[in-house]
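One structure is given here, and the rest of the page talks about it.
Just so you know, residue 1 is the first one in the sequence shown, and it goes up from there. Keep in mind that the numbers below use all heavy atoms, side chains included, and drop hydrogens, waters and symmetry copies. Since this is a predicted model, take the numbers as computed values, not measurements.
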Amino acid sequence: MKRIELNCFLKGIQVLIIVLFVLTGCDNRQKSIVQQDEYMLGTLIQAKVFNIDKKSAKKSLTRAFQRVQEIEERFSVNIPTSEVSCINENAGIIPISVNEETIKVLEKSIYYAKLSGGAFDPTIGALVNLWGIGTKDAKVPDNQSLKETMDTIGFNNLIINKDKLTAYLTKSGSKLDLGAIVKGYAADEMKKILVEEGIKTAFLNLGGNVLVIGSKVDGSPWRIGVQNPFQRRGNYIGILETKDQAIVSSGNYERYFEQNNKKYHHILDPNTGYPSNNGLVSVTIITSQSIDADALSTSVYVMGLEKGLDLIENLPDTEAILITEMKKVYITSGLKEKFQLTNGEFSYEKR
Ligand code: FAD
Ligand code: MG
């Protein structure tokens with residue numbers, strides 16, 4: 001409920017909510033742009049489609065947003081009737097029948113939990129609730145509650161039965177939270193619909209999860225500004241040129257609270273129970289599927305610089321931009337020609 005109340009407040013300032021942003025400038029070659037913005041998944045979703053008649057664009061966008069609504073109703077922890085809420089309510093009690101797409105997303109979550117050595121963990125829900133970051137009751141938990149809550153985390157306690165289409169959390173009190181992966185999934189599903197509708201050029205931004213369809217109308221790559229984690233939204237550290245890719249950032253600058261002059265952000269380390277604190281302040285992942293970019297941005301953020309860069313360098317067609325609290329910028333090998341650092345306060349660092 002509290003998160004929902006926060007949403008109402010955030011709706012009022014939704015104009016500000018764009019983390020990565022497209023640098024279209026005054027490019028008047030981008031003709032017939034139709035844009036729709038909606039507040040869903042606890043964030044502002046902005047969709048722009050290009051070079052298509054207004055009526056078809058509106059129909060396509062309506063379908064795409066209806067799909068996001070369906071996803072929210074299935075995966076939200078704030079909707080008591082969602083499948084995820086139902087799995088959480090029945091932790092340690094009984095397996096729950098779920099839709100095939102829930103199985104697919106949960107399997108992906110387990111895949112990234114394993115790949116990241118548990119840095120990404122979909123069963124982190126009880127810990128997310130305990131901290132309450134993003135709600136008006138956010139506070140540093142006491143040691144006893146923290147210890148008890150840590151016992152509820154562990155992706156091995158999430159049992160998926162693909163034949164029976166059920167999902168089950170074996171530990172009582174354990175809770176799923178798919179906030180680090182489902183925005184990515186929703187972006188992929190929006191893209192699927194827009195492409196089905198014949199759209200060849202589009203820009204989607206789901207609260208910092210950017211996905212571009214095709215290239216710009218004139219055939220040139222999109223120019224995406226990567227948010228400066230130390231400044232207000234819209235200030236960027238550099239520009240990424242890209243086509244037909246998902247660009248997803250995780251950072252400490254979006255959702256946080258301060259207590260005794262210390263900042264506590266929303267990306268939690270399942271090992272310590274505290275906000276991840278390894279010197280990274282922002283991780284941007286660039287790859288074809290947004291679901292992968294989303295899970296990886298959170299994974300790398302928690303894994304830290306060395307392990308995170310190793311992971312990304314070993315994944316095909318996946319690149320990353322990592323920013324440290326010392327304003328050092330690390331990019332993976334495939335970005336040398338595609339990313340340009342433009343902010344003089346930041347500098348490249350090699351490992
Ligand atoms: P990411 O790095 O992608 O994800 C961080 C989030 O994942 C955290 O906020 C936490 O929820 C979880 N998390 C933290 N640490 C880990 C970890 N180690 N492993 C795995 N997960 C972790 N927000 C609202 O305020 N109100 C809502 O009603 C609301 N509804 C939502 C409904 C859905 C279906 C989804 C997917 C999200 C919803 N959100 C809501 C959350 C919000 O939109 C974002 O998901 C959230 O702000 C984090 O996204 P991010 O991209 O900033 O960070
Ligand atoms: Mg993520």
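- Annotation: the span from Ile312 atom CD1 to Ser299 atom OG amounts to 8.0 Å, rounded to 0.5 Å.
- Residues passing the side-chain contact (heavy atoms from CB on, under 4.5 Å) test with Glu196, sequence neighbours excluded: Arg63, Lys192.
- A donor-acceptor pair is defined here as one N or O able to donate and one able to accept, closer than 3.5 Å; no such pair exists between the side chain of Thr149 and the backbone of Lys147.
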Sequence neighbours left out, cut at 3.5 Å: what donor-acceptor pairs do the side chains of residues 88-97 make with other protein atoms?
from	atom 1	to	atom 2	distance (Å)
Asn88	OD1	Leu176	N	2.6
Asn88	ND2	Leu176	O	3.2
Asn90	ND2	Cys86	O	2.8

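- When atom types are taken as modelled, the side chain of Ser85 and the backbone of Thr81 share no donor-acceptor pair closer than 3.5 angstrom.
- Within the structure, the side-chain hydrogen bond (donor to acceptor under 3.5 Å, both in side chains) test picks out no pair touching residues 334-344 (sequence neighbours left out).
- Residues satisfying the salt bridge (Lys or Arg N to Asp or Glu O under 4.0 Å) criterion with Glu306, sequence neighbours excluded, are Arg351.
- Every residue two or more places apart in sequence or in another chain that forms a salt bridge (Lys or Arg N to Asp or Glu O under 4.0 Å) with Asp244 is listed here: Lys191.
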Give the C-alpha distance, both sets of side-chain angles, the deciding distance and a yes or no for side-chain hydrogen bond (donor to acceptor under 3.5 Å, both in side chains) between Asp137 and Thr135. CA-CA 5 Å; Asp137 297 328; Thr135 76; 5.0 Å; no
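- Annotation: salt bridge (Lys or Arg N to Asp or Glu O under 4.0 Å) contacts of Glu345 (sequence neighbours excluded): Lys327.
- For Ser220 (side chain) and Lys216 (main-chain N/O), no donor-acceptor pair under 3.5 Å exists by modelled atom type.
- Partners of Gln66 by side chain to side chain donor-acceptor pair (under 3.5 Å), not counting sequence neighbours: none found.
- For the pair Thr324 (side chain) and Met326 (backbone), a donor-acceptor distance under 3.5 Å is present.
- Counting only heavy atoms from C-beta outward, the side chains of Thr201 and Lys48 never approach each other to under 4.5 Å.
- In this structure a side-chain-to-backbone donor-acceptor pair under 3.5 Å is present from Asn157 to Lys171.
- Gln245 pairs by the side chain to side chain donor-acceptor pair (under 3.5 Å) definition with nothing, not counting sequence neighbours.
- Taking all atoms of both residues into account, the shortest heavy-atom contact from Ser290 to Leu211 is CB-CD1, 3.7 Å.
- Residue Ile331 holds its CD1 atom at 9.5 Å from CG of Leu240, rounded to the nearest 0.5 Å.
- Among pairs with a residue in residues 98-113, those fulfilling side-chain hydrogen bond (donor to acceptor under 3.5 Å, both in side chains) read Arg67-Glu101, Arg74-Glu101, Glu83-Thr102, Glu101-Tyr185, Lys108-Asp292, Tyr112-Asp292, at least two apart in sequence or across chains.
- Atom CD1 in Ile52 sits 8.5 Å away from atom OG in Ser32 (nearest 0.5 Å).
- Distance alone, capped at 3.5 Å, is enough to place a donor-acceptor pair between the Asp294 side chain and the Gly184 backbone.
- If you check the side chains of Ser174 and Thr152, you find no donor sitting under 3.5 Å from an acceptor.
- The backbone N or O of Ile237 lies less than 3.5 Å from no partner atom in the side chain of Gln231, so there is not a single donor-acceptor pair.
- At distances below 3.5 Å, at least one donor-acceptor pair connects side-chain atoms of Lys183 with backbone N or O atoms of Gly207.
- No side-chain heavy atom of Asn209 sits less than 4.5 Å from a side-chain heavy atom of Leu204.
- At a cut-off of 3.5 Å, with distance as the only test, a side-chain donor of Asp121 or Thr123 sits close to an acceptor on the other residue.
- Looking only at atom types and distance, the side chain of Thr332 has no donor-acceptor partner in the side chain of Glu313 under 3.5 Å away.
- Residues forming a salt bridge (Lys or Arg N to Asp or Glu O under 4.0 Å) with Lys328 (at least two apart in sequence, or on another chain): Glu349.
- For Thr272, the side-chain contact (heavy atoms from CB on, under 4.5 Å) partners two or more places apart in sequence, or in a different chain, are Asp269, Tyr274.
- A 4.5 Å side-chain heavy-atom check between Thr166 and Val98 finds every atom pair outside the cut-off.
- When atom types are taken as modelled, the side chain of Ser60 and the backbone of Ser56 share a donor-acceptor pair closer than 3.5 angstrom.
- You'll find the side chain of Ile45 stays beyond 4.5 Å of the side chain of Asp37, heavy atoms only.
- With Trp131 contributing its side chain and Gly273 its backbone, the two residues share a donor-acceptor pair below 3.5 Å.
- Counting only heavy atoms from C-beta outward, the side chains of Leu305 and Asn278 never approach each other to under 4.5 Å.
- Between Leu41 and Phe75, the closest side-chain pair of non-hydrogen atoms is not below 4.5 Å.
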Hey, can you pull the donor-acceptor pairs under 3.5 Å for the side chains in residues 257-266, sequence neighbours left out?
from	atom 1	to	atom 2	distance (Å)
Gln259	OE1	Val140	N	3.1
His265	ND1	Ile267	N	3.2
His265	NE2	Ser276	O	2.9

